[in-house]
Amino acid sequence: MNVEKVGTSFALLLVCAISFAGETRPAAEADLRRAIQRGQAVRKQSALVPGVLHKYELVMKAGDVRCGHARVEIEDAKGEGGATYRLRESFKAAVAEAGESAVIDYSGTFLLSADLGLISGKMEARSESKSAADAQKQTRVRNATLSLQDDKLVFELAGEGGKEARKSVLPLSGVRPVPKNALLAIAQFAAREKEKFSPDVKDPFCVPAFDVDWESDLFQVEAAWVSFDLSGYTHPKGSVAQMRVRYLAAEITDKGLEVEPPAPQLWQAVQVWPLDAQYRPLAHPAPDDPRISVESVDLDSIDTNAPLDLDKIEKALQAQN
């Protein structure tokens with residue numbers, strides 16, 4: 001689940017920027033075919049790569065007021081369910097504007113194979129909304145599971161008490177989608193290809209990536225166009241490379257992953273991470289909402305169970321309008 005505005009998955013980390021040198025034109029069909037083949041090659045892993053194991057934690061703020069936090073961790077699954085890795089992700093955030101407020105609390109756990117492909121997953125999302133007009137609080141709880149069955153991805157949704165139950169099946173045709181929050185680990189695979197990794201935007205790859213919205217309601221597969229370049233940052237200190245990700249429209253057919261050549265405006269929407277010498281993220285992209293900032297933190301240093309102050313959040317957001 002990737003954080004886009006409060007309440008729409010971890011795509012909150014999306015940032016739109018101008019195209020970079022070497023990537024000034026959108027990928028054409030021939031570029032996409034080559035990138036898909038490169039993605040398959042770089043993911044040919046058969047055992048645990050230690051560098052993949054990592055954790056990052058974020059705090060979201062409206063001005064100086066904390067309005068949410070997120071944690072993503074990839075750990076050794078120790079063979080559970082046939083998995084190599086276990087991805088844990090959690091997110092809590094609040095928004096309050098014009099007398100209406102919502103608090104979202106999400107958690108998900110996914111078992112992944114050696115190439116970061118999904119084996120199974122389970123998610124829970126709880127939301128509480130309130131309107132000053134009727135002073136009533138509404139609570140919604142949704143649970144969902146994902147599983148790989150006979151080359152099919154099975155998505156099952158159940159609301160609280162079994163309400164809103166729904167099941168959908170996506171034939172994969174051999175395609176192995178990666179959770180969006182595991183994509184940063186792809187840098188570890190790329191770095192292992194050569195004795196000395198040299199980032200080069202002319203050597204991109206395309207990886208099928210999946211996401212589920214914060215309500216565990218909408219499942220979709222996209223193509224992640226991944227490229228690396230030498231760091232253009234002087235901050236944060238220690239950055240040696242950049243990892244860039246663009247999400248392109250795609251579908252899975254009986255021929256495999258079919259990616260739609262992107263329009264120029266879509267090509268310009270790119271996430272950028274500065275990486276350290278171990279190719280792990282030093283910082284994260286700014287949100288697309290300019291009123292919200294993101295800071296890397298150790299969540300053990302704050303009380304993540306403390307209620308988010310909706311009145312302060314609303315005032316902080318109003319002050320920046």
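In this text, all values refer to a predicted model and were calculated from it rather than measured experimentally.
Put simply, the side chain of S120 does not reach to within 4.5 Å of the side chain of L146, judged on heavy atoms. Looking at heavy atoms from C-beta onward, R43 lies in side-chain contact with P208 at the 4.5 angstrom threshold. Between Y106 and E89, the closest side-chain pair of non-hydrogen atoms falls below 4.5 Å. Taking 4.5 Å as the limit, some side-chain heavy atom of R244 sits within range of a side-chain heavy atom of V201. By the 4.5 Å heavy-atom criterion applied to side chains, L48 and Y85 are counted as neighbours. At least one side-chain heavy atom of I292 sits less than 4.5 Å from a side-chain heavy atom of L317. Inter-residue side-chain proximity for L116 and I186 is flagged as met; some heavy-atom pair is nearer than 4.5 Å. With contacts defined as side-chain heavy-atom distances shorter than 4.5 Å, the pair L118/V178 does not qualify.
By the criterion of side-chain heavy atoms lying less than 4.5 angstrom apart, applied directly or through intervening Ile, Leu, Val, Met, Phe, Trp or Tyr residues, V226 is grouped together with Y56 in one hydrophobic cluster. Placement of V154 and L172 in two distinct hydrophobic clusters is found when ILVMFWY residues are connected by side-chain heavy-atom separations under 4.5 Å, directly or transitively. Under the 4.5 Å side-chain heavy-atom criterion for ILVMFWY residues, no single connected hydrophobic cluster contains both V221 and I119. The hydrophobic clustering, which links ILVMFWY residues whose side-chain heavy atoms are closer than 4.5 Å, places L184 and L282 apart. Linking Ile, Leu, Val, Met, Phe, Trp and Tyr whenever their side-chain heavy atoms come within less than 4.5 Å puts I252 and F205 in one cluster.
With Q188 contributing its side chain and L53 its backbone, the two residues share no donor-acceptor pair below 3.5 Å. Side chain of Q265 to main chain of P262: no donor-acceptor pair is present (N/O by atom type, distance under 3.5 Å, no hydrogens or angles). Side-chain atoms of E57 come within 3.5 Å of backbone atoms of L299 as a donor-acceptor pair (strictly under, hydrogens ignored). Q320 places a side-chain N or O within 3.5 Å of a backbone atom of A316 that can act as its donor or acceptor partner. A donor-acceptor pair under 3.5 Å links the side-chain atoms of D31 to the main chain of A28, judged by distance alone. Checked by atom type and distance alone, the side chain of D151 pairs as donor or acceptor with a backbone atom of S173 at under 3.5 Å.
Rounding to the nearest 0.5 Å places CD of E295 at 11.0 Å from CZ of R66. In this structure, the separation between SG on C206 and CG on L257 is 6.5 Å, given to the nearest 0.5 Å. With rounding to the nearest 0.5 Å, the separation of CG in N181 from CZ in F91 is 11.0 Å. Between atom OG of residue S131 and atom NZ of residue K137 there is a gap of 13.5 Å, rounded to the nearest 0.5 Å. Rounded to the nearest 0.5 Å, atoms CG (L310) and OG (S101) are 4.5 Å apart. Rounded to the nearest 0.5 angstrom, F210 CZ and L153 CG are separated by 7.0 Å.
Counting heavy atoms of neighbouring residues, nucleotides and ligands inside a 6.0 Å radius, atom CD of E97 exceeds 12 of them.
Here D64 does not pair with K312 in a salt bridge; the nearest charged N to carboxylate O distance is not below 4.0 Å. K152 has no carboxylate O lying under 4.0 Å from a charged side-chain N of D150, or vice versa, which leaves the two without a salt bridge. Salt bridge R88/E75: present, at least one basic N to carboxylate O contact under 4.0 Å. Ion pairing between R142 and E124 fails under the 4.0 Å rule for side-chain N and carboxylate O. With salt bridges taken as basic N to acidic carboxylate O contacts below 4.0 Å, one links D115 and R176. Between E80 and R86 a salt bridge is recorded (basic side-chain N to carboxylate O distance below 4.0 Å). In this structure, R140 does not pair ionically with E128, as no charged nitrogen and carboxylate oxygen lie closer than 4.0 Å.
In terms of heavy atoms, I74 sits closest to A185 at CD1-CB, 4.1 Å. Taking both residues in full, the closest heavy atoms of A224 and V245 are given as CB-CG1, 4.1 Å, listed atom of the first, atom of the second, then distance. The shortest heavy-atom contact between A187 and M243 is CB-SD, 4.2 Å. The shortest heavy-atom contact between A62 and C67 is N-SG, 3.8 Å. Of all heavy-atom pairs spanning H69 and M60, the tightest one is N-CE, 3.6 Å. Smallest separation of non-hydrogen atoms from G99 and E314: N-OE2, 3.3 Å.
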message: Between T84 and V52, is the side-chain contact (heavy atoms from CB on, under 4.5 Å) condition met? List the steps.
response: CA-CA 11 Å; T84 302; V52 167; over 6 Å; no
message: Go through it in stages, so that I can follow the logic: the residues are V259 and E222, the test is side-chain contact (heavy atoms from CB on, under 4.5 Å), and I'd like the CA-CA distance, side-chain angles, deciding distance and then a yes or no.
response: CA-CA 8 Å; V259 185; E222 298 175 284; over 6 Å; no
message: Could you walk me through whether M123 and F110 satisfy the side-chain contact (heavy atoms from CB on, under 4.5 Å) test, starting with their C-alpha distance in whole Å, then the side-chain angles of each, then the deciding distance to 0.1 Å, before giving a yes or no?
response: CA-CA 9 Å; M123 296 143 282; F110 304 88; 3.8 Å; yes
task: Please lay out, stage by stage, how K237 and D276 fare under the test salt bridge (charged side-chain N to carboxylate O under 4.0 Å, His left out).
output: CA-CA 9 Å; K237 183 178 179 181; D276 64 15; over 6 Å; no
task: Would you check, one step at a time, whether the test side chain to side chain donor-acceptor pair (under 3.5 Å) holds for R38 with Q40?
output: CA-CA 5 Å; R38 280 284 295 120; Q40 293 169 343; over 6 Å; no
message: Would L32 and L248 count as a side-chain contact (heavy atoms from CB on, under 4.5 Å) here? Give the steps.
response: CA-CA 10 Å; L32 293 169; L248 310 180; 3.8 Å; yes
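A cation-pi arrangement is found for K180 relative to Y247, the charged atom lying closer than 6.0 Å to the ring centre and inside a 45° cone about the ring normal. Within the cation-pi definition used here (under 6.0 Å to the ring centroid, within 45° of the axis), R246 qualifies as a partner of W267.
Using cut-offs of 30° and 60° on the angle between ring planes, the pair W273 and H284 is perpendicular.
In this structure, a donor-acceptor pair under 3.5 Å is present between the side chains of S239 and S231.
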